[in-house]
Amino acid sequence: MKTDELISIIAQDARAPRPSLPALIGAAVAFGGLVAALLFAEMLGFRPDIAGALHTWRFDAKLAIVLLLFVNALHATARLTRPDADISAATLRLALPLLALAIAVGWELSSTARDTWLVRAVGTNSRVCLAAITVLAIAPLAGLLVALRAGAPRSPAMAGAAAGLLAGALAAMLYATHCPDDSPLFVAIWYVSAIALVSLVGAAIGGRVLRW
Amino acid sequence: MLRSVVARGFARYQIGQEESEDVVQEALLALHLKRHTWDESQPLLPWVSAIARHKTIDSIRRRGRRAYLPIEDVSNVLAADPHVQAANSFDAERIVATLKGRQREIVHAISMEGVTARQVAQRLGMTEGAVRVALHRALQSLARTFRREPS
């Protein structure tokens with residue numbers, strides 16, 4: 001087939017424009033989030049003292065940091081699914097939640113006794129935390145990867161990694177309302193590990209399925 | 001302009017001009033199938049250039065070479081490249097040959113005979129909508145076939 005012939009075929013393929021990428025991503029987040037929320041409600045649920053916990057700085061900081069990651073990962077994902085993405089600019093934003101976490105960790109270390117640090121860091125429920133965030137992130141990640149196949153990411157692996165961060169952040173937001181461990185030290189170790197794992201899985205799968 | 005971007009990349013890696021038309025077709029397909037990835041608040045040319053670069057790099061890598069193409073100043077790309085041959089002799093028959101049944105008939109009719117989707121529909125006893133769906137799927141299939149092609 002000659003190039004001119006290809007052009008004439010393309011000209012005949014006049015279908016209605018598909019939904020925009022932001023709309024697709026939003027739908028994936030909404031759908032995946034709903035599934036994750038249902039799973040969360042069924043398996044875990046809010047912690048019983050949540051009303052009181054909302055008055056503590058650690059709990060609020062935990063939620064704020066994860067929310068910050070969610071928002072920036074959403075932005076990064078939308079940027080990274082385009083062929084002309086500026087990859088370093090998109091990922092630079094992700095430094096913001098890390099910065100917030102670092103500040104919280106610094107505050108915790110400076111305001112608590114040294115011999116309590118290890119106990120706070122290890123927490124009481126680290127295994128549940130890792131497992132729950134990973135499992136809750138599955139539906140959002142799957143939904144996002146399906147939606148992102150409509151995109152044309154400059155780097156499929158980076159787009160997958162961003163989707164993983166987004167799914168992980170969503171799962172973490174849910175889990176944070178159940179988790180009894182509020183110390184920023186705990187968050188820095190276990191939440192970060194779980195979300196990083198989901199991101200790596202996203203990068204690995206995305207690197208394959210998001211090619212175009 | 002597409003041809004300039006592809007030819008420039010290929011020249012860097014000493015690949016023949018005939019093979020570059022392959023990539024031009026692949027890039028045209030991608031521009032069409034992925035047109036919704038263009039952010040309309042941004043200029044068009046960098047987006048087109050990015051797609052052309054992506055397909056050029058993919059093609060070079062498929063030939064077993066490691067590829068890195070710097071982002072050229074888009075205004076340079078618009079200057080005509082005197083070494084690009086008239087590329088209308090290039091014929092990707094082997095790519096179209098991978099289409100099956102209906103899709104192949106439809107693509108053949110529209111590209112070779114110049115009939116419209118409506119006429120093809122009448123000829124094959126399908127609705128015009130079904131022809132358009134089949135055409136769209138054929139284009140997606142062609143895009144996938146390009147990706148699988150070794151050099």
Side-chain angles (χ1 to χ4, degrees), chain A residues 1-28 74-90 144 146-160 162-163 206-212, chain B residues 2-3 21-22 24-26 28-40 42-43 45-55 58 71 87-97 106-108 110-112 114-118 120 131-133 135-136 138-140 142-144 147:
Chain A
M1 173 184 48
K2 303 195 197 314
T3 303
D4 284 351
E5 287 160 359
L6 176 63
I7 291 174
S8 67
I9 301 174
I10 288 176
Q12 288 279 341
D13 183 30
R15 308 196 70 207
R18 39 188 329 168
S20 69
L21 281 177
L24 283 173
I25 292 173
L74 189 57
H75 194 102
T77 302
R79 285 267 190 96
L80 286 170
T81 45
R82 302 186 192 277
D84 50 350
D86 182 346
I87 294 184
S88 27
L144 277 168
V146 167
L148 293 183
R149 277 173 60 80
R154 177 138 165 208
S155 162
M158 289 299 294
R208 292 176 166 272
V209 309
L210 297 182
R211 289 189 197 160
W212 53 283
Chain B
L2 259 185
R3 291 200 177 103
E21 192 65 10
D22 201 353
V24 170
Q25 289 198 3
E26 200 182 342
L28 276 172
L29 259 178
L31 287 172
H32 172 69
L33 291 171
K34 300 291 183 185
R35 61 196 183 285
H36 54 278
T37 65
W38 172 48
D39 180 352
E40 287 170 29
Q42 303 287 333
L45 284 181
W47 175 78
V48 173
S49 175
I51 287 187
R53 277 179 64 245
H54 190 100
K55 290 301 183 184
D58 267 0
I71 302 173
N88 252 344
S89 54
F90 177 77
D91 192 344
E93 214 20 75
R94 71 193 185 286
I95 303 280
V96 177
I106 291 172
V107 165
H108 244 276
I110 293 179
S111 67
M112 302 293 196
V115 299
T116 65
R118 170 166 301 191
V120 172
V131 168
R132 291 193 184 280
V133 168
L135 177 60
H136 189 76
L139 287 177
Q140 288 174 320
L142 288 177
R144 278 195 298 273
R147 279 207 294 282

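Below, chain A is the first sequence line, B the second, and so on; all start at residue 1.
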Region of A:P22 in contact with chain B, defined by heavy-atom distances below 4.5 Å: neither

Interface moiety of A:A85 toward chain B, non-hydrogen atoms closer than 4.5 Å: neither

Chain A contacts, top residue of B:D58, B:L33, B:T116 (heavy-atom pairs, under 4.5 Å): B:T116

Rounded distance (nearest 0.5 Å) linking atom CD of B:Q25 with atom CD of A:E5: 9.0 Å

Residues that A:V209 engages under side-chain contact (heavy atoms from CB on, under 4.5 Å), provided they are two or more places apart: A:R149, A:I205

Closest heavy-atom pair and its distance - B:D39, A:R82: N-NH1, 3.8 Å

Segment of B:H54 engaging chain A (4.5 angstrom heavy-atom cut-off): side chain

Least distance between heavy atoms, B:T37 atom then A:A150 atom: CG2-O, 4.2 Å

Chain A contact via B:A30 - side chain, backbone, both or neither, heavy atoms under 4.5 Å: side chain

Nearest heavy-atom neighbours spanning A:P83 and B:A50: O-CB, 3.5 Å

Side-chain heavy-atom pair A:I9, B:L135 within 4.5 angstrom cut-off: yes

B:I110, part contacting chain A, at a heavy-atom distance under 4.5 Å: both

Over all atoms of both residues, closest heavy-atom pair of A:W212 and B:K55: O-NZ, 2.7 Å

Part of B:L142 within contact of chain A (heavy atom distance under 4.5 Å): side chain

Best-contacting candidate, B:H32, B:R132, B:E26, against chain A by heavy atom pairs under 4.5 angstrom: B:H32

Counterpart residues, salt bridge (charged side-chain N to carboxylate O under 4.0 Å, His left out), relative to B:R118 (two or more places apart): B:E128

A:I10 portion near chain B, given a 4.5 angstrom heavy-atom threshold: both

Separation between CG of B:L28 and CD1 of A:I7, rounded to the nearest 0.5 Å: 5.0 Å

